Each structure stands twice: as structure tokens, then as C-alpha cells.
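Following: one structure in C-alpha cells, then a few remarks.
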2 protein chains.
Amino acid sequence: MEYLEAKEKFISTWGSLGTLWGINKAMAQIQALLFISTKPLSMEDIMGDLKISRGNTSMNLRQLMDWGIVTKVLVSGERKEFFTTEKDVQELARIVAKERSRREIKPVIKVLEEVSSIEDNGSAETKELIKQTKALKELTDDLDILMNKLVDQKQNWLTKSVFKLIK
Amino acid sequence: MEYLEAKEKFISTWGSLGTLWGINKAMAQIQALLFISTKPLSMEDIMGDLKISRGNTSMNLRQLMDWGIVTKVLVSGERKEFFTTEKDVQELARIVAKERSRREIKPVIKVLEEVSSIEDNGSAETKELIKQTKALKELTDDLDILMNKLVDQKQNWLTKSVFKLIK
DNA sequence: ACAAACTTTCAATAACTATTGAAAGTTTAA
DNA sequence: TTAAACTTTCAATAGTTATTGAAAGTTTGT
């Protein structure tokens, strides 16, 4: 496989994986492109390479910056703006985990809490609703805490400590 | 909050959370409804309760059965089919983790493997592509293995062992 | 073998989400 | 202060995915 083919394969796969970590295709592709680039890229570079419009590029770069995954860099002697992404996969995972927890998991936990604490009027239906949402709340809580903790251990958390425990 | 309001809140929240675990709204809502129901429900019951069409109900029930989350049950004296979902959250998490790994993560790992093992022709671009996709491949691999292992420890895995390690 | 009771399929369409591109906005250099 | 170089915004539109509903298919009881 040639460089160009491999690059395209990577970008398109990463793009369609976007949904898995909750972002859209263009956003994931821009991130992928920056991730394997040896130097910061301008908006022109990105538009040209991914064949997407200026507007689309602008909006998705902004979102990536909101996530904290992409940052603007100044290239001296250049007027236009250039962009890079976090290059360290561990750090990338931390950011994504934190953001998804904040944006998606936390709000769900809040609803589960509310629902599971309605008053028990004695009916079987109410009892079941309380029981099941409580169980779901506890699981979601545990997973969220685990995710955040794992991802806080800055270096080598996975291989270092967790694996030996559960092998 | 009354039972009905709580029930609706739970179903709609769980439904919109569907994307988080990679299924569509109707599918997640059907599962939610079954999850808090005290008895198996028929297609009529589900259509009526969620106000969705017969076709939609049929297709999404089928998908839930493909995932292994919902099963048909026979209710004696009844001609129509009834459905229940796995009621244990731990077991539910196991099934979902296994399926997502198989359907989404494994294929991505395969592509990352292919891309990261292209021949190094010495150029900086190629070196970067190899380096970064390799790092991504290793992280994804680790997370996938971790997810599957955690979820294999049938009972209490979370609270029991992992938490004390990383607290 | 028939028909009633039920489920599945799938083409049409509705609903939603992403993308474009041109106009408006901003920054910079002279 | 002007205008060129650049970025952002957003209404229009394209593209994608979900939903409907009616026809076709299946099963069961008589």
C-alpha cells in the first residue's frame, strides 16, 4: 500500500468512526488529517486536501477547538491561521473522555437520579421503574467514574496497573 | 413527579442516549419501555405506548433481537408474540460492549493495522503516518481488551476490584 | 383448505443533519 | 483609512437516515 492510499484509508475510516466518539464525519476527518500531518495546516490546506467547503472547514475547526482537540498556531511570516491537533493519543483520549462525560453522561445520570427518586406509591409499575432506573443510574455512575479515573492517570495507566489486575 | 411523567422522561432520555451506544432512537425507546415493564409486551402494546408504526416496531424489535438484548416469549393462551428485554444491567452492559467491539472497534483496529504497516520509504510524511496510526492502534487495542475483560468478570467487577486499585 | 390473526417487507416520504457558497465581518499592512 | 487577505455566518440545499402504511407473507385453529 502506498502512502497516499494509506492516508486516505486512515482519514476515511477515522471519519466514519466519528460517530463512535460522538462527532461528525468532517470533524473527525479534519482531526485525522492534522493528526498525521508533519506540520500545522491552514484552512486552504484542509479544504483542498479533504475537498470540503470553506464554511464547513471553518465550522468544524471551531468545534474541534471547542472540544480542546485542535489549537491555532501562529506561523511567523504568514498572515493566515494554522491549526494543529493534540498529537499524543493518551492525552487525546483524556480530552475526549472528559468531554463526553460532561456533555452526555452527566446529564443522563441527572435524569436517572430524578426518575429513580419519585415517590413509591406501592404499585408494581412504580416499584419496577424505581428499581430499574436506580440500577441503571448506579452502573452509569460507576462507568463514568471509572472512565474519568482511568483517564486521569496521566501515563501508561492501562498497561501499567489495570491489566495485571484483571488478566 | 408522577409515574407517567417519570416513565416518559426515562424513555425519551434513554432514547436520545441511543446514539451514545450506537443504536437509533426507536430501538432505544423500545428497549427502555421493556426495561421498566413488569410483564412482556406485545407489538400492539409497544406501538400504542410509544406511538410508532407497526413497521417501525417490527424492524426495531428485530434489531434488538439481533443484538441479543430482547427475546420473544410465549404467553400461554395468547396467539400474538410477546417481548422482554434483559433485565439485569450488568448483563446488558456485557452484551452491548461485546457487540460494539465486534461491530465497530475490531474493524477499525484492522484498518489501523494495515495502515500502520505500510513500508517506510524514509519520507517524513510516511514516518509520521506510521507512528501515529501505530499509537492509535495500540490505544484502541488496549481499550478494546480492557472493555471486554471488565465486562467478562460477571459479577460486581467494577466496585469489587477496579475501584480499590485506582482510588 | 380456508380465513382470521398476526408479522414482515419495502417503496414512498418525512424528518433530520451536513454541506455549500456567497455575503458580512474582521484583521493587518501600508 | 483603505483595501486586500483572510475568517465567520447562515439561508438554501443536498444527502442521509428514520418512519410510515399498505401489500405480501406466515401461522394457527377449525
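On a predicted model such as this, the values are computed, not experimentally measured, just so you know.
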With respect to the side chain of B/K25, which nucleotide from D/dT19, D/dT8, C/dA18 is positioned closest? D/dT19
A/R79 has its side chain closest, among D/dT19, C/dA4, C/dT28, to C/dT28
Between C/dA24 atom P and A/R54 atom CZ, what is the distance in whole Å? 17 Å
Least distance between heavy atoms, B/D88 atom then B/E91 atom: OD2-N, 2.8 Å
Whether B/N56 contacts D/dT20 is assessed here as follows: a side-chain N or O lying under 4.0 Å from the phosphate OP1 or OP2. Is that the case? yes
How many whole angstroms separate atom CD of B/E78 from atom C1' of D/dG29? 15 Å
As a test of reading the structure: which of C/dT20, D/dT8, C/dT9 is closest to the side chain of B/S58, going by heavy atoms? C/dT9
DNA chain D: B/I52 or A/F83, which has the more 5' nearest nucleotide? A/F83
Run the side chain to side chain contact (heavy atoms under 4.5 Å, CB included) test against A/K134 and tell me which residues pass, sequence neighbours left out. A/S116, A/I130, A/E138
Can you figure out which of D/dC10, D/dT19, C/dC6 approaches the side chain of B/N60 most closely? D/dT19
Whole-Å distance, A/M65 CE to D/dT8 C1', equals 11 Å
Send over the distance from A/M27 CE to C/dT17 P, rounded to a whole Å. 16 Å
Report the distance from atom CG of B/D66 to atom P of C/dT8, rounded to the nearest whole Å. 11 Å
For the pair A/N148 (side chain) and A/D144 (backbone), establish whether a donor and an acceptor sit closer than 3.5 Å, ignoring hydrogens and angles. yes
When A/T85, A/I11, A/D45 are each screened for side chain to side chain contact (heavy atoms under 4.5 Å, CB included) with A/L33, the one that passes is A/I11
A/S53, nearest nucleotide to its side chain (from D/dT19, C/dT20, C/dT8): C/dT20
Any donor-acceptor N or O pair under 3.5 Å, side chains B/S16, B/K25: no
D/dT9 phosphate, OP1 or OP2, under 4.0 Å from A/R62 side-chain N/O: yes
Nearest-Å distance for atom pair CG/P, residues B/L64 and D/dA18: 13 Å
Between A/K51 (NZ) and C/dG21 (C1'), how many Å, whole number? 18 Å
Starting at atom CD of A/E44, determine the distance to atom P of D/dT7, rounded to an integer number of angstrom. 7 Å
Could you say whether B/S42 or B/M59 is positioned toward the 5' end of DNA chain C, judged by the nucleotide with the nearest heavy atom to each? B/S42
